[in-house]
**Q** 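One structure coming up, written as structure tokens, with questions to follow.
The analysis underlying the following values was restricted to heavy atoms, covering all of them including side chains, and did not include hydrogens, waters or symmetry mates.
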Amino acid sequence: LVEKHFWKAAQETGAQPISHPSLEKLDLKEGTDAVFRAQFDVAPEVVLPDYKTLVLTKKKRAIDEATIQEHLEGLRQRATKYLPVEEGSVATGLVATCDIRVKPQGLKAQTYSDQALEIDGTRPFDAELIGMKVDEKKSFTLTHPEDDTNTVLAGKTLAYEVQVKDLRRKEVPVLGDDFAKDLGAFENLEALKAEVSKDLEAASERDAVSRLHGTVLDTLLDAAPFEVPRSMVGLQLDDYCQEFAQHVSRQGMDPKKVNWQAYRQYRLSEAERAVRSGYLLQAIGNAESIEVPEADIDAEIRAFMAENQVQQPFEAFKADLERRGNVTEIKGRLRTDRI
């Protein structure tokens with residue numbers, strides 16, 4: 001009866017609830033009309049600020065020669081090869097893979113398998129390994145200084161047992177035409193630099209636009225204060241929790257062990273901003289009569305199909321998306337971009 005009469009009363013008064021009613025008071029007495037009081041959320045009234053006179057500056061990171069060289073060096077380092085050392089022994093600059101058993105003074109022994117160490121002869125531990133061959137084992141002790149940054153080990157003597165299992169040398173490619181050709185369809189290093197410069201410029205532009213959009217939104221939100229419906233904030237927090245639960249599960253952890261109350265509190269202000277932003281952008285979109293043509297939605301779906309190599313016919317795939325409500329999401333995202 002409450003459900004039936006609530007929606008009728010809301011309709012008669014012109015109210016548009018956006019949440020289910022929460023019953024606050026209910027009087028039920030024999031022979032008289034029942035009376036109840038219900039609380040519910042309605043969409044906020046957004047008074048738009050004068051956004052058309054808003055002046056902001058897009059701040060874009062300049063891509064200079066040093067930035068390009070830094071990126072090329074990163075590519076060079078990622079292309080490093082680790083070649084086996086067939087004959088030889090541990091030496092400075094080589095990478096040794098070891099099994100290490102360590103027993104700190106007064107503590108339980110720990111074993112660490114397949115530890116890859118780039119040998120630096122200045123470190124006491126590394127110095128003990130120099131000269132060892134693959135499959136060779138060695139036992140030794142080291143005493144940590146009293147001022148060691150690791151306070152647990154400071155001043156303690158550690159007993160080590162080390163076995164060298166593999167030995168490799170690093171081969172970092174020379175930054176030249178051959179390196180460029182190995183990376184892809186580049187004629188020479190200059191062609192690679194041109195492509196890197198183009199990619200960095202595009203990334204810098206995307207970053208600048210993204211930060212500018214954020215600044216625009218913050219400025220408008222400060223100029224248009226309005227209360228956000230608690231139910232909408234709760235739904236936004238539900239979405240955050242669902243995303244985080246999936247992330248936790250992928251990491252092999254149990255979502256039930258998460259303190260969800262603390263997590264919701266941690267993301268509360270973010271959720272409130274997201275809801276306020278949605279209402280504000282919707283109000284601007286309505287004021288500007290911004291719509292999304294069906295052709296734009298189709299183009300977005302076709303781009304998704306091409307990127308993910310979807311073999312299904314377009315009409316059938318779009319019908320599936322519509323049944324699941326995904327087309328509405330796509331339309332909403334495209335409309336937000338236009339706004």
Side-chain angles (χ1 to χ4, degrees), residues 48-79 175-177 179-224 236 239-240 243 247 267 269-270 273-310 326-327 329-339:
L48 288 175
D50 185 10
Y51 55 86
K52 293 189 178 183
T53 59
L54 187 64
V55 179
L56 294 167
T57 303
K58 182 175 70 173
K59 298 176 181 178
K60 181 179 174 182
R61 181 192 179 192
I63 304 301
D64 55 14
E65 183 64 24
T67 306
I68 295 171
Q69 289 299 329
E70 181 184 346
H71 191 79
L72 287 172
E73 179 60 22
L75 291 175
R76 193 173 78 94
Q77 292 298 329
R78 285 197 290 275
L175 193 61
D177 292 343
F179 171 67
K181 291 173 183 176
D182 288 342
L183 277 186
F186 302 106
E187 292 183 7
N188 49 38
L189 181 59
E190 285 304 312
L192 173 61
K193 285 180 65 176
E195 186 66 22
V196 166
S197 176
K198 177 183 173 184
D199 289 345
L200 290 175
E201 284 286 352
S204 178
E205 177 67 17
R206 287 194 301 271
D207 179 61
V209 170
S210 176
R211 282 187 284 109
L212 182 61
H213 285 175
T215 305
V216 168
L217 204 49
D218 287 340
T219 305
L220 292 176
L221 287 171
D222 288 342
Q236 184 66 55
D239 286 345
Y240 290 161
E243 290 172 4
H247 171 74
R267 300 199 66 176
S269 60
E270 186 181 350
R273 183 184 184 278
V275 174
R276 291 190 70 228
S277 299
Y279 278 113
L280 178 64
L281 291 173
Q282 186 180 52
I284 294 174
N286 293 342
E288 298 290 338
S289 301
I290 293 176
E291 298 296 336
V292 179
E294 197 68 24
D296 286 16
I297 298 173
D298 290 351
E300 187 78 3
I301 295 172
R302 290 185 190 277
F304 176 85
M305 292 178 70
E307 184 179 344
N308 294 274
Q309 299 180 339
V310 178
N326 297 120
V327 172
E329 291 179 18
I330 294 170
K331 184 175 182 179
R333 177 164 48 79
L334 292 176
R335 187 170 189 258
T336 298
D337 290 343
R338 287 185 160 223
I339 295 167

**Q** From L175 CG over to L189 CG, what is the distance, rounded to the nearest 0.5 angstrom?
**A**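 It comes to 5.0 Å.
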**Q** For E190, is there any backbone N or O sitting under 3.5 Å from a side-chain donor or acceptor partner on N188?
**A**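 It does hold such a pair.
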**Q** So does L200 get a backbone contact from the side chain of S204, meaning a donor-acceptor N/O pair under 3.5 Å?
**A**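 Looks like no, no N/O pair under 3.5 Å.
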**Q** Any non-hydrogen side-chain atom of I301 less than 4.5 Å from a side-chain atom of N326?
**A**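 No, side chains not in contact.
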**Q** Taking side chain as C-beta onward, heavy atoms only, is L72 less than 4.5 Å from R76?
**A**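 Not touching, per the 4.5 Å side-chain cut-off.
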**Q** Is there a donor-acceptor pair closer than 3.5 Å between any side-chain N or O of R61 and the backbone N or O of A203?
**A**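 No: the side chain of R61 does not pair with the backbone of A203.
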**Q** Less than 4.5 Å apart, side chain to side chain, heavy atoms only: is that true for D177 and L192?
**A**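 A side-chain contact under 4.5 Å is absent here.
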**Q** Would you name the heavy atoms of A180 and F186 that are closest together and state the gap between them?
**A**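 Distance-wise, the nearest heavy atoms are O-CD1, 3.4 Å.
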**Q** Please find the pair of heavy atoms, one from S277 and one from L221, that lie closest to each other, and give the distance.
**A**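 Minimum heavy-atom contact is OG-CD1, 3.5 Å.
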**Q** Within a reach of under 6.0 Å around CD of E65, are more than 12 heavy atoms found that belong to other residues, nucleotides or ligands?
**A**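 Yes, the 6.0 Å shell around CD holds more than 12 heavy atoms from other groups.
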**Q** List the atom of A208, the atom of K59, and the distance in Å for their closest heavy-atom pair.
**A**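 Answer, listing the atom of A208 first, then K59: CB-O, 3.5 Å.
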**Q** Do E73 and Q69 meet the criterion of a side-chain donor-acceptor pair at a distance under 3.5 Å?
**A**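 Judged by distance alone, the side chains do not pair up.
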**Q** Hey, does Y51 have a side-chain heavy atom less than 4.5 Å from the side chain of V216?
**A**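 They are not in contact (no side-chain heavy atoms under 4.5 Å apart), so the answer is no.
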**Q** Can you confirm whether R335 sits close enough to Q282 that some side-chain heavy atom of one is under 4.5 Å from a side-chain heavy atom of the other?
**A**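 SC-SC contact between R335 and Q282 confirmed.
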**Q** Please report the shortest heavy-atom distance between K58 and L212, naming the atom on each side.
**A**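 Looking at all heavy atoms of both residues, the shortest contact is CB-CD2, 3.9 Å.
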**Q** Which heavy atom in L75 sits nearest to a heavy atom in V196, and how many Å separate them?
**A**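 Nearest heavy atoms, L75 then V196: CD1-CG2, 4.1 Å.
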**Q** Restricting to non-hydrogen atoms, name the atom on A62 and the atom on T67 that form the minimum distance, rounded to 0.1 Å.
**A**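 Closest pair (atom of A62, atom of T67, distance): O-OG1, 4.1 Å.
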**Q** Is any side-chain heavy atom of R211 closer than 4.5 Å to a side-chain heavy atom of K60?
**A**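 The answer is no; the side chains never approach within 4.5 Å.
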**Q** Please report the interatomic distance CZ(R273) to CZ(R267), rounded to the nearest 0.5 Å.
**A**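 With rounding to 0.5 Å, CZ (R273) is 12.5 Å from CZ (R267).
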**Q** Using the side chain to side chain contact (heavy atoms under 4.5 Å, CB included) rule, take L217 and L281 through it: C-alpha gap first, then chi angles, then the decisive distance, then the call.
**A** CA-CA 9 Å; L217 204 49; L281 291 173; 4.0 Å; yes
